[in-house]
Amino acid sequence: MFDFSTPVDRHGTWCTQWDYIADRFGSDDLLPFTISDMDFPTAPCVLDALSQRIQHGVLGYSRWQHQDFLSAIEHWYVQRFSCQIDSQMAVYGPSVIYMVAELIRLWSEPGDYVVTHTPAYDAFYKTIDGNQRQLLACPLQKRGNDWYCDMVHLESLLAQPKCKVLLLCSPQNPTGKVWQADELTEMATLCAQYDVKVISDEIHMDMTWGERHTPWSQVARSPWALLTSASKSFNIPALTGAYGFISDPVTRESYTRHLKARDGLSSPAVLAIVAHIAAYRQGEPWFDALREYLHANLLYVADSLNAAFPQLNWQPPQATYLAWIDLRPLGVDDRQLQQELIETQKVAIMPGYTYGEEGRGFLRLNVGCPRSKIESGVAKLIAGLRNIVDPLTQNPGEKS
């Protein structure tokens, strides 16, 4: 019914992943599996809604505080998470990271501490440092194919007097961890105990594989903000636009005032509003088909890697279309691997150290693309690994 297998040429469209690959990898002739957008056209219902709005012809200033938009969000949360959200708490912004930065500024002072789990989305590090706050890292622990938070260590961080904010990524990027309800409840209790406010980035909330996402609003105990967007799920980040919920009315009013008065962002991108409404009201059939395709891509990566290197025993993440691949059993040197992948294999895959010290020995491979691209990229990855991995760590009889 929906075609995800036909490649779409994105070259020449000012595309970050394809046209500007040299900015990060130093070469422009690479097959990219990098930034977390997808190579698929968005849902037909979204394209139809955008076309109708453009045909209207008038693209003037707009608003988001209306029932068309808010009720579509409410509908999505009921359909996908079986929960009610309070649209009176809703706020809007140009991006989730902008909203994270603004809330960090509202809820802390320069020099204060912000806790986040690591390895972390690289924009978290930049936003914390760029606002003159200090990162308190809570490293996730890998056991088998699952990731866990050391709650005792987390409590020791939250208990520090200068700790003001827990910046949560739920589901977690890059590990793909889905936080269980009891884990979230324990974190919420600790944050309330130590008067720590919570910013929960839930932009990957729709992309879970067999695990159930629990919105932070369902467990919160202290002041909180839940921030998200349809941009990841429906591949519309270029439209800009995110939304969220802020529990504290004083903070909500301050956020809105700064958005408009200080930053001059008084009117949303109307096409983003149109796209969200169409996606959340009509996009479920397309999105469910997309999820099946993406999960099959992840399974293909697992089958191919494990056939080549059984000692990896790599399994798909619990969430996201970002394969967080643990190569540590192969004893790979990260820099050598990147050189091999870029210069010889002509493929760009995000090195794990992009996401902090705990990411060393990992790769983050984006599977949001047609299967043919995945097949080519994984073949290049395997070939690159075989060229640099110690032959003693490979399968007997395989090429070293």
Side-chain angles (χ1 to χ4, degrees), residues 63-67 69-78 81 83-109 112-116 121 123-124 127-128 131 133 158 163-171 179 184-185 187-192 194-205 213-232 240-269 272-273 276 280:
R63 298 287 180 94
W64 62 269
Q65 303 100 322
H66 47 76
Q67 278 304 108
F69 180 62
L70 296 175
S71 66
I73 296 172
E74 291 171 350
H75 171 77
W76 190 253
Y77 271 76
V78 169
F81 312 118
C83 77
Q84 301 287 335
I85 51 100
D86 184 357
S87 61
Q88 296 300 310
M89 295 183 180
V91 293
Y92 192 81
S95 71
V96 165
I97 286 299
Y98 166 87
M99 300 170 84
V100 166
E102 180 55 34
L103 285 160
I104 286 175
R105 290 190 288 266
L106 285 171
W107 279 346
S108 63
E109 299 292 334
D112 283 343
Y113 299 155
V114 176
V115 174
T116 199
Y121 173 41
F124 278 16
T127 300
I128 293 168
N131 283 286
R133 273 61 171 177
L158 297 174
C163 180
K164 303 300 181 182
V165 173
L166 170 65
L167 176 53
L168 181 68
C169 193
S170 180
W179 295 98
L184 295 172
T185 299
M187 284 192 282
T189 301
L190 290 173
C191 288
Y194 295 106
D195 193 26
V196 173
K197 298 174 176 63
V198 178
I199 304 170
S200 186
D201 172 354
E202 303 190 10
I203 200 167
H204 293 283
M205 64 187 186
H213 172 72
T214 301
W216 183 262
S217 57
Q218 303 302 292
V219 300
R221 304 285 189 277
S222 59
W224 57 273
L226 187 167
L227 310 176
T228 191
S229 172
S231 62
K232 289 286 187 277
T240 73
Y243 66 91
F245 310 97
I246 299 175
S247 65
D248 173 48
V250 174
T251 302
R252 199 160 58 241
E253 189 279 330
S254 295
Y255 169 86
T256 302
R257 176 163 38 84
H258 288 177
L259 182 83
K260 294 180 178 180
R262 186 193 63 197
D263 296 339
L265 297 171
S266 59
S267 180
I273 299 295
H276 274 78
Y280 284 173

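With sequence neighbours excluded, the residues satisfying side-chain hydrogen bond (donor to acceptor under 3.5 Å, both in side chains) with Trp76 are Asp206. In this view, Trp64 satisfies the side-chain hydrogen bond (donor to acceptor under 3.5 Å, both in side chains) rule with no residue, not counting sequence neighbours. Remark: Thr189 engages Thr185, Arg221 in a side-chain contact (heavy atoms from CB on, under 4.5 Å) (not counting sequence neighbours). When the side-chain hydrogen bond (donor to acceptor under 3.5 Å, both in side chains) test is applied to Tyr113, no partner is found at least two apart in sequence or on another chain. Residues passing the side-chain contact (heavy atoms from CB on, under 4.5 Å) test with Gln65, sequence neighbours excluded: Arg63, Lys260. Contacts of Tyr121 classified as ring-ring contact (aromatic ring centres under 6.0 Å, His included), with partners at least two apart in sequence or in another chain: Phe124. Scanning for side-chain contact (heavy atoms from CB on, under 4.5 Å) contacts around Gln67 gives Leu70, Ser71, with sequence neighbours left out. Glu109 meets the salt bridge (charged side-chain N to carboxylate O under 4.0 Å, His left out) test with no other residue; sequence neighbours excluded. Applying the side-chain contact (heavy atoms from CB on, under 4.5 Å) test to Thr127 and every residue at least two apart in sequence or in another chain returns Ile97, Val100, Ala101, Ile104, Asn131. Taking Phe81 as the reference, Tyr77, His213 meet the ring-ring contact (aromatic ring centres under 6.0 Å, His included) condition, with sequence neighbours excluded.
Residues Thr251 and Pro223 are not in side-chain contact: their nearest non-hydrogen atoms beyond the backbone lie 4.5 Å or more apart. Inter-residue side-chain proximity for Leu227 and Phe245 is flagged as unmet; no heavy-atom pair is nearer than 4.5 Å. Proximity of Ser170 to Leu226: side-chain heavy atoms (C-beta onward) are nowhere separated by under 4.5 Å. Two residues are said to be in side-chain contact when any heavy atoms from C-beta on lie closer than 4.5 Å; Met89 and Ile246 fail this criterion. Counting heavy atoms from C-beta outward, Thr214 and Val219 have side chains that approach closer than 4.5 Å. Contact of the His66 side chain with the Ile273 side chain is registered, since non-hydrogen atoms from C-beta on lie closer than 4.5 Å. Residues Ile203 and Ser231 meet the side-chain proximity criterion, which asks for heavy atoms closer than 4.5 Å.
In terms of heavy atoms, Val115 sits closest to Cys163 at CG2-SG, 3.5 Å. For Ala272 against Gly241, the heavy-atom pair with the smallest separation is CB-CA, 4.4 Å. Annotation for Met205 and Tyr280: closest pair CE-OH, 4.1 Å, computed over non-hydrogen atoms. Ile199 and Leu103 get closest at one heavy-atom pair: CD1-CB, 3.6 Å. Taking both residues in full, the closest heavy atoms of Asp263 and Tyr98 are given as OD2-OH, 2.5 Å, listed atom of the first, atom of the second, then distance. Of all the heavy atoms in Cys191 and Ser222, the pair that sits closest is CB-OG, 3.8 Å.
Of the possible polar contacts, one joining the Tyr255 side chain to the Tyr92 backbone as a donor-acceptor pair under 3.5 Å is found. At distances below 3.5 Å, not a single donor-acceptor pair connects side-chain atoms of Arg252 with backbone N or O atoms of Val91. Judged by distance alone, with hydrogens and angles left aside, the side-chain atoms of Ser87 form no donor-acceptor pair with the main-chain N or O of Ala90 at under 3.5 Å. Remark: the backbone N or O of His204 is not paired with any side-chain donor or acceptor of Thr228 at under 3.5 angstrom. Between the side chain of His258 and the main chain of Ala261, no donor-acceptor pair closer than 3.5 Å is present.
Here salt bridge (Lys or Arg N to Asp or Glu O under 4.0 Å) pairs that include residues 87-103, with residues two or more places apart or in two chains, are Glu102-Arg105, Glu102-Arg262. Sorted pairs that involve residues 195-205 and meet salt bridge (Lys or Arg N to Asp or Glu O under 4.0 Å), not counting sequence neighbours, are lacking altogether.
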Exercise. So Ile73 and His276, side-chain contact (heavy atoms from CB on, under 4.5 Å) or not? Walk me through it.
Worked result: CA-CA 8 Å; Ile73 296 172; His276 274 78; 5.9 Å; no

Exercise. Between Leu168 and Met187, does a side-chain contact (heavy atoms from CB on, under 4.5 Å) hold up when you go through it step by step?
Worked result: CA-CA 10 Å; Leu168 181 68; Met187 284 192 282; 4.0 Å; yes

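A distance of 10.0 Å separates CD1 of Ile85 from CD of Gln218, quoted to the nearest 0.5 Å.
No hydrogens or angles considered: nothing links the side chains of Ser200 and Trp224 as a donor-acceptor pair under 3.5 Å.
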